[in-house]
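Everything on this sheet refers to the single structure shown next.
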Amino acid sequence: MPRTTFAAAIDQALAEAMARDDRVVVLGEDVRTLRRGLYVRFGGTRVLDAPISEAALLGCALGSAMAGLRPVVEITFVDFVAVALDQLLNHAAKVEAFSGGRWRAPLVVRAACGGGYGDAGQHEQALWGLLAGIPGLSVVVPSTPADAAGLMATAVDHPGPVVFLEHKLLSEYWLDYLGGARRPGVEFDVPADGAVGDVPDPVLPVPLGSAVVRRRGDDVALVSLGVGVHRCLQVAEILAGEGVDAAVLDLRSVAPLDRRAVTDLAQLTGRVVVVDEDYTRGGLSGEIAAVLAEDGVDATYARVTTEGTIPYARRLETATLPNVSRILTAARSLTERA
Amino acid sequence: MPRTTFAAAIDQALAEAMARDDRVVVLGEDVRTLRRGLYVRFGGTRVLDAPISEAALLGCALGSAMAGLRPVVEITFVDFVAVALDQLLNHAAKVEAFSGGRWRAPLVVRAACGGGYGDAGQHEQALWGLLAGIPGLSVVVPSTPADAAGLMATAVDHPGPVVFLEHKLLSEYWLDYLGGARRPGVEFDVPADGAVGDVPDPVLPVPLGSAVVRRRGDDVALVSLGVGVHRCLQVAEILAGEGVDAAVLDLRSVAPLDRRAVTDLAQLTGRVVVVDEDYTRGGLSGEIAAVLAEDGVDATYARVTTEGTIPYARRLETATLPNVSRILTAARSLTERA
Amino acid sequence: MNRGAAGSPRVERLTELYRVMCRARFAEQALRDLWHRGLVSGEMHLGIGEEAVVAGVVTHLRDGDALALDYRSTPPLVARGVELEPLLLEVLGSEDGLCGGRAGHMHLMSRPHLAAASGIVGAPGPLVCGLGLAAKHAGAGGVAVAFFGDGAVNEGMLMESLNLASVWRLPVLFVCKDNRWAVTTRSAALTGGGLARRLGAFGLPVARVDGTDVERVDRVAGRLVARLRRGGPASVLLARCERGEGHFLGDPLVRMAGAAGELTAEVRPLLRLLGGPGAPLSARVGALLSIGRRVAVAGGPRPRWRDPMRRAARRLPDRVARAVERSAKAEVDSAVDAALRRTGFADA
Amino acid sequence: MNRGAAGSPRVERLTELYRVMCRARFAEQALRDLWHRGLVSGEMHLGIGEEAVVAGVVTHLRDGDALALDYRSTPPLVARGVELEPLLLEVLGSEDGLCGGRAGHMHLMSRPHLAAASGIVGAPGPLVCGLGLAAKHAGAGGVAVAFFGDGAVNEGMLMESLNLASVWRLPVLFVCKDNRWAVTTRSAALTGGGLARRLGAFGLPVARVDGTDVERVDRVAGRLVARLRRGGPASVLLARCERGEGHFLGDPLVRMAGAAGELTAEVRPLLRLLGGPGAPLSARVGALLSIGRRVAVAGGPRPRWRDPMRRAARRLPDRVARAVERSAKAEVDSAVDAALRRTGFADA
Ligand SMILES: Cc1ncc(C[n+]2csc(CCOP(=O)(O)OP(=O)(O)O)c2C)c(N)n1
Ligand SMILES: Cc1ncc(C[n+]2csc(CCOP(=O)(O)OP(=O)(O)O)c2C)c(N)n1
Ligand SMILES: [Mg+2]
Ligand SMILES: [Mg+2]
């Protein structure tokens with residue numbers, strides 16, 4: 001399998017989908033530049049630059065999906081979804097329900113998310129919990145190139161709306177554009193196995209709602225997604241040195257949530273640390289506690305999340321986002337308690 | 001204490017605040033009609049009708065708060081906040097954080113919320129979990145006229161942004177306007193003690209983040225807010241007949257959350273049923289599970305929430321919103337298990 | 001204009017238009033009755049008074065064309081050919097309804113007609129762009145039409161959509177039904193620059209038309225739709241019209257104006273507010289008067305209301321008009337009967 | 001225009017304006033250097049090229065006036081009197097910064113100046129309305145000014161704000177800095193009806209001005225602000241200007257154009273895409289050429305770039321211009337030195 005970057009993997013999935021299905025179109029601000037490969041290959045009728053009008057753009061994509069297209073609409077950063085949330089909350093998510101199941105909208109919303117490169121809290125949010133809280137939306141957050149390609153392939157074929165979030169720390173071009181990554185002395189804590197990896201050709205679809213165990217372990221379960229998965233793997237390595245076997249679960253989908261994978265691992269280990277780059281009350285870390293409680297799983301619980309607005313200064317930013325040392329502390333608080 | 005309707009109680013709190021403080025203004029679509037009492041008493045410079053432009057309106061209110069006013073801005077229904085969420089998520093909630101604590105915005109966002117009168121899922125959402133998930137916002141949901149007045153009084157004086165949600169099932173005029181409540185044969189399940197009650201004159205402020213126990217009981221804790229509180233009280237009455245002592249906690253604030261009140265009652269009863277009109281994954285019901293798990297409270301847990309888009313037909317709507325029979329089933333599932 | 005000669009093409013076309021208008025009007029009147037009988041829940045926004053705009057535009061659509069609607073969507077859906085019984089069943093909350101009872105009148109959808117409504121002001125804008133984009137992609141000359149009100153032009157997403165349709169050259173017709181009101185506010189006071197200039201600010205041609213005159217609407221809309229099919233630019237149709245029923249059924253302004261008792265009950269507490277601390281008296285009296293004016297204008301009798309139905313009927317031979325009315329009425333009545341029987345409300 | 005006589009009122013005013021421009025320009029150049037040295041994190045949007053617009057407008061503000069800014073906010077903040085050192089410290093991420101290191105360059109705020117920036121396109125619109133509403137409420141003749149770009153006029157909230165300011169008669173000045181680009185797209189292609197007509201669609205008077213000519217901006221803005229203080233209507237100032245640095249530092253278009261190596265690295269894989277399944281070859285070549293054009297226009301040398309600094313300086317007596325530059329440079333340099341010392345970066 002060829003080694004591929006995270007962004008190239010998504011491009012590959014899109015190129016395959018666009019070659020296979022004439023109804024797949026890419027809409028968004030600056031997409032003829034950002035997705036110039038797709039633009040050159042599929043031309044101007046398939047890749048459309050949009051004005052800075054996210055609400056109209058998202059609603060337009062939705063309408064086109066209702067009328068037979070398979071749009072992949074880009075909202076550059078997930079933070080900007082806030083100017084267009086109505087189109088997701090009150091429209092895309094409700095077409096199937098309001099039509100009594102007679103109409104569905106095969107829409108993909110692609111957005112960059114996440115922090116760690118110094119852009120501060122209006123551009124670095126996760127927000128996947130907020131979106132996953134809306135019944136009728138699927139939300140996916142890949143942590144590897146193979147999953148990025150596989151989830152995009154699935155999203156494009158899915159009959160309902162899917163939000164596909166691309167973590168900027170895994171996408172070289174974003175870090176380069178936004179973070180000025182090539183400057184001297186500028187360093188980002190980029191997880192190597194997230195940024196580059198093996199991607200099957202053709203892309204292997206990854207089903208929605210299916211988590212994957214990235215590392216097995218009996219003592220404590222680290223449950224995460226996106227960049228957090230890689231932080232957890234680092235922590236698991238450190239814990240192994242201390243004689244603690246940590247499992248790492250990569251949720252991949254925020255909605256639907258793979259309840260079974262979570263409860264199985266919780267049952268096995270009796271200890272759960274949720275590592276969620278979204279806000280503490282964003283919804284995901286709480287939902288996992290609720291799932292465990294509803295299913296009567298007897299497990300201790302801790303979470304490492306983003307507690308407030310992400311500050312600009314790199315030092316403060318690092319402390320605010322879930323980092324290895326905070327995860328380690330949380331895991332130890334559970335393993336040392338027992 | 002005079003008997004007052006829910007809506008009149010809010011008006012009373014606003015009238016007191018406007019009389020006391022010239023900086024308090026009311027902005028919103030149709031407010032000169034909806035709040036005609038305030039308009040007549042305080043005139044056109046204090047009560048401004050807005051065009052149908054929620055994003056500009058909310059942002060304008062925020063800016064005015066930053067520059068010294070104390071606006072109460074109405075977004076008619078909380079569902080419509082979705083067209084203006086950016087102003088809450090990326091602006092109002094972040095002024096304090098981004099300014100390093102040097103600038104705060106004393107903004108009140110008032111919106112009607114909730115279902116039970118047949119308007120369906122674009123007009124009947126709760127959405128308090130979504131809003132409370134944003135660090136920097138306070139969110140309150142009163143369940144009685146006294147709390148409505150008291151929380152509005154507090155909200156107006158609060159130095160930061162507060163979202164004040166008014167449940168339509170408690171507000172006579174909304175049911176009349178929207179539900180055509182006076183038609184023959186039209187009935188809504190309006191909780192009498194929520195719609196009318198004693199309100200101190202002058203209004204007694206209710207602090208943010210302070211829950212209140214509406215009924216004491218040792219066997220199971222029903223944790224709720226808004227209309228749900230009254231449903232829980234009904235259930236507690238039924239359970240009492242079965243020899244089960246149910247406590248009912250009225251959260252009143254979704255954010256900040258009164259963690260202590262929740263964990264205390266959970267500890268006491270060992271059983272928690274969260275009754276939340278918001279979506280299952282809206283955030284609140286999950287957060288309560290997380291709080292219990294983080295604090296290591298040993299309690300069983302169930303929740304009664306809105307699982308999907310609220311359907312139009314009254315029968316389906318009733319089944320979708322948390323109702324007495326669903327709450328009863330959930331409570332029994334915990335009390336009979338033990 | 002005077003009556004056309006029976007059998008002339010003009011009369012034939014007008015008869016067709018009048019038939020569409022009658023079906024829409026009677027269907028809405030049926031909904032109004034059902035609502036007042038308590039068989040329909042929630043709000044109810046009618047399009048009574050908008051029939052000429054609806055018929056004049058929608059009759060130009062054909063298979064594969066699409067509709068983006070606001071919450072006054074029954075008339076266009078009926079005009080587009082959605083069957084009456086499932087539509088009524090929907091609003092009655094039946095599982096056999098058009099949308100299984102899930103939608104109600106604010107969110108009616110018919111996939112075969114590519115038609116969807118929304119209760120969010122401005123939402124028809126983004127939707128119609130998408131429907132138009134799909135039509136353009138299909139390349140078969142399909143068009144998409146949006147209906148929305150005068151107040152909606154202040155909603156950001158609607159303005160964004162006018163621009164998007166313009167710069168992407170989408171085969172889209174925006175129809176603004178200007179009744180001069182948004183709930184209880186006069187739109188003119190809150191629409192800077194005026195409606196026509198606003199709609200014209202996005203590079204789209206704007207045609208203005210008297211929306212109570214179905215023949216005029218028909219001619220203009222026909223031209224605009226045909227131009228769209230030939231690849232012409234997205235366009236705006238600004239149609240002045242008036243509604244008789246206020247914003248929604250039970251509109252408080254209409255009710256206050258209609259019933260002396262209600263008005264008194266409303267005004268008495270307001271008068272009390274003229275004393276006590278607050279604004280200077282002049283400001284208070286001004287506020288009170290402005291509320292009074294709203295009530296008077298919104299709810300007062302409409303001596304000059306040009307009912308589009310009457311205007312159309314007067315131009316038809318009497319016999320033709322009556323025959324159209326009778327058959328439309330019979331059709332609606334039988335659909336109502338069937339729907340009521342099906343839901344078990346027949347004897348309610 | 002030729003140089004004014006030393007000591008004349010015109011020269012005095014221009015000297016003042018040029019001083020403001022120099023401070024802004026040198027501060028931005030300092031930020032650029034710090035960014036390139038890796039001492040500033042994240043994106044960096046400069047306002048180099050916008051100094052004449054900024055100085056010509058902001059120098060008319062006084063205590064109690066307010067500013068709603070976009071992400072190119074350093075020049076207006078410097079012009080408004082925010083101290084340089086805390087500003088630099090902020091962007092260096094120091095806890096001693098203007099906002100404790102929490103804001104960075106995209107969210108700079110200064111409460112004493114009632115000035116706040118945002119990284120969300122269009123956000124200055126709603127904000128300026130609120131700042132203006134408070135000023136109107138205070139009744140002391142205060143005004144509020146918003147700065148935003150040409151691309152931002154397609155953002156719904158900005159259009160809504162133009163309307164709101166119009167119908168509420170807020171003492172607000174909207175300043176649109178038209179550089180003809182939004183990131184990598186030409187705004188003209190995506191702004192239906194054109195910028196001037198769009199801005200004029202809300203009932204507000206629109207003044208157009210050459211934004212590279214500080215004296216013109218000064219005159220027009222002075223008139224507009226004075227009118228606002230007297231209770232006149234909200235207004236729009238549309239100022240054409242050009243930036244030299246692309247959208248942000250490290251702008252890929254600029255970089256591609258600047259470095260032959262980068263361009264080749266970018267283009268080679270695109271050329272490979274001319275074969276294989278996909279659109280017809282002509283469409284592909286068209287796409288490739290359009291990317292090329294973007295690069296050329298965005299990043300190419302600007303032979304006709306009318307640097308507002310140079311234009312202003314040429315009208316001043318040489319000696320005066322040099323003196324102003326020297327003192328501004330010295331001030332900025334010493335602020336940079338102090339900031340670097342304070343953060344411990346002095347030797348980095
Ligand atoms: C985003 C949003 N804001 C506000 C409302 C409440 N609302 C419903 S209809 C309406 C007035 C719309 O006026 P107009 O566009 O003129 O249409 P009309 O009702 O007169 O047909 C308002 C404000 C809404 N449904 N959605
Ligand atoms: C709501 C929103 N959409 C998109 C962006 C991304 N973005 C940042 S700047 C920009 C271009 C703005 O162009 P213009 O208004 O002309 O300002 P300029 O950058 O040219 O000064 C875009 C699209 C954003 N920050 N916010
Ligand atoms: Mg109207
Ligand atoms: Mg620009």
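Just so you know, these numbers come straight off a predicted model, no measurement behind them. Order of the sequence lines fixes the chain letters, A, B, ..., with proteins taken first and strands second; residue numbering starts at 1 for each chain. Just the heavy atoms: all of them, side chains too, but no hydrogens, waters or symmetry mates, feed the values below.
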Next on the checklist: Could you tell me if the side chain of D:His36 sits less than 4.5 Å from the side chain of A:Pro184, heavy atoms only?
Outcome noted: no

Checklist entry - Side-chain contact, heavy-atom cut-off 4.5 Å: A:Asp119 with D:Met106? => result yes

Checklist outcome for this item: Note: vs chain A, highest number of non-hydrogen pairs under 4.5 angstrom among D:Leu288, D:Val153, D:Val121, D:Leu270 is D:Leu270

Any donor and acceptor pair, going by atom type alone, linking the side chain of [X] with main-chain N or O of [Y] inside 3.5 Å?
X	Y	answer
A:Asp49	D:Thr185	no
A:Tyr312	D:Ser41	yes
A:Arg183	D:Trp35	yes
A:Arg41	D:Pro277	yes
A:Gln122	D:Gly119	yes

From [X] [atom1] over to [Y] [atom2], what is the distance, rounded to the nearest 0.5 angstrom?
X	Y	atom1	atom2	result
A:Arg32	D:Thr184	CZ	OG1	10.5 Å
A:Asp79	D:Ile120	CG	CD1	6.5 Å
A:Ser53	D:Met159	OG	CE	5.5 Å
A:Phe80	D:Glu155	CZ	CD	9.5 Å
D:Asn154	A:Ile52	CG	CD1	7.0 Å
A:Glu29	D:Leu190	CD	CG	9.5 Å

Considering only heavy atoms, which portion of [X] lies under 4.5 Å from any heavy atom of chain D: side chain, backbone, both, or neither?
X	value
A:Arg46	neither
A:Val83	side chain
A:Ala50	backbone
A:Tyr39	both
A:Val186	side chain
A:Phe188	neither

Item to check | Considering all heavy atoms, the nearest A:Ala120-D:Ala103 contact | outcome: CB-O, 4.1 Å

Checklist entry - For atom CD of A:Glu16, is the number of surrounding heavy atoms from other residues, nucleotides or ligands below 6.0 Å larger than 12? => result yes

